[in-house]
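Please read the structure below before turning to the comments.
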Amino acid sequence: MTLTSMIIPTYNGLDLIRPCIDAIRQYSGDPASYEIIVVDNGSTDGTAEYCALERIRFVRFPDNRGFPAACNAGLRAACGDELLLLNNDVTVTPRWLENLRTALYSDASIGITGPVTNYASGIQQIELQFRDMEHFQELANSNNIADSSRWRKYAGSLVCAC
């Protein structure tokens, strides 16, 4: 079985990391197929205690060293065959990881994949109107299908509508 290491940098983002972790656990399939690594930039909001209670792998800096340093520390700590960087404010959806993997392994020349999102710049940004989180998940559930006609190559990577 392939193991995906999900690296999530954070700084005083406990209110964001909780729903992020909940969604990962709900929508990522077999827990044996992934590991979650939270890299904390010296938070003082209870992030360390939360990660300990939830049995989440945890890397902690004594101070805020920034997003790139946190990503690199998480990548060094990762045990997975696949590496995935995830912002702490992300809410994943049904089949998200399965669809990213389908796109990743669809062609030997593909080395990186990324999802579409409603909150970013660039070609991965989509317009999505939703009433609440339940409605958001309903929309995602109906749209999260592996469909190569919706994939877009960009600078050596692949953005897929998943």
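Since we're looking at a predicted model, the values are computed, not measured. Note: hydrogens, waters and symmetry copies are ignored here, and every other heavy atom, side chains too, is used.
Every residue meeting the side chain to side chain contact (heavy atoms under 4.5 Å, CB included) condition with Ala73, not counting sequence neighbours, appears here in chain and number order: Val39, Val59, Phe61, Arg76. Legend: residues meeting side chain to side chain contact (heavy atoms under 4.5 Å, CB included) with Glu49, ordered by chain and number and at least two apart, are absent. Checked against salt bridge (charged side-chain N to carboxylate O under 4.0 Å, His left out), Asp63 has the following partners two or more places apart in sequence or in another chain: Arg65. Scored by the side chain to side chain contact (heavy atoms under 4.5 Å, CB included) test, Leu75 finds Ile7, Asn72, Leu83, Leu85 as partners (sequence neighbours excluded).
Val92 and Ile37 are not part of a single hydrophobic cluster, where members link through side-chain heavy atoms under 4.5 Å apart. Using a 4.5 Å cut-off between side-chain heavy atoms of Ile, Leu, Val, Met, Phe, Trp and Tyr, with links allowed through other members, Leu97 and Ile36 fall into the same hydrophobic cluster. Note: the hydrophobic cluster containing Met6 does not contain Phe67 (ILVMFWY, side chain heavy atoms under 4.5 Å, direct or indirect links). Leu86 and Ile21 fall within a single hydrophobic cluster, where Ile, Leu, Val, Met, Phe, Trp and Tyr are joined by side-chain heavy atoms under 4.5 Å apart, directly or via other members.
Remark: the backbone N or O of Ser28 is not paired with any side-chain donor or acceptor of Arg95 at under 3.5 angstrom. No donor-acceptor pair under 3.5 Å is formed between the side chain of Asn87 and the backbone N or O of Asp89. Counting only distance, with no hydrogens or angles, the side chain of Glu35 and the backbone of Cys79 share a donor-acceptor pair below 3.5 Å.
Note: Tyr27 OH to Glu98 CD = 14.5 Å, rounded to the nearest 0.5 Å. To the nearest 0.5 Å, atom OG1 of residue Thr113 and atom CG of residue Leu100 are 4.5 Å apart.
Shown here for Ser106 and Ala103, the closest heavy-atom pair between the two residues is OG-O, 2.7 Å. Nearest heavy atoms, Cys20 versus Ile8: SG-CD1, 4.1 Å. Across every non-hydrogen atom of Ala23 and Thr91, the tightest pair is CB-CG2, 4.1 Å.
Thr47 and Arg60 are not linked by any side-chain donor-acceptor pair at a separation below 3.5 angstrom, with hydrogens and angles left out of the test. Defined by atom type and a distance below 3.5 Å, a donor-acceptor pair is missing between the side-chain atoms of Asn99 and Thr102.
Under the 4.5 Å side-chain criterion, counting only non-hydrogen atoms from C-beta, Ser33 is not in contact with Thr4. At a threshold of 4.5 Å between non-hydrogen side-chain atoms, the residues Pro94 and Gln26 do not count as touching. Tyr34 has its side chain out of reach of Glu82: every pair of non-hydrogen atoms, C-beta onward, lies at least 4.5 Å apart. The shortest side-chain heavy-atom distance between Val38 and Arg57 does not fall under the 4.5 Å cut-off.
Within the structure, the salt bridge (charged side-chain N to carboxylate O under 4.0 Å, His left out) test picks out the following pairs touching residues 20-33 (sequence neighbours left out): Arg25-Glu54.
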Would you give me the side-chain donor-acceptor pairs under 3.5 Å for residues 9-16, sequence neighbours excluded?
residue : atom : partner : partner atom : Å
Thr10   : OG1  : Asn88   : ND2          : 2.8
Asn12   : OD1  : Thr44   : N            : 2.6
Asn12   : OD1  : Asp45   : N            : 3.4

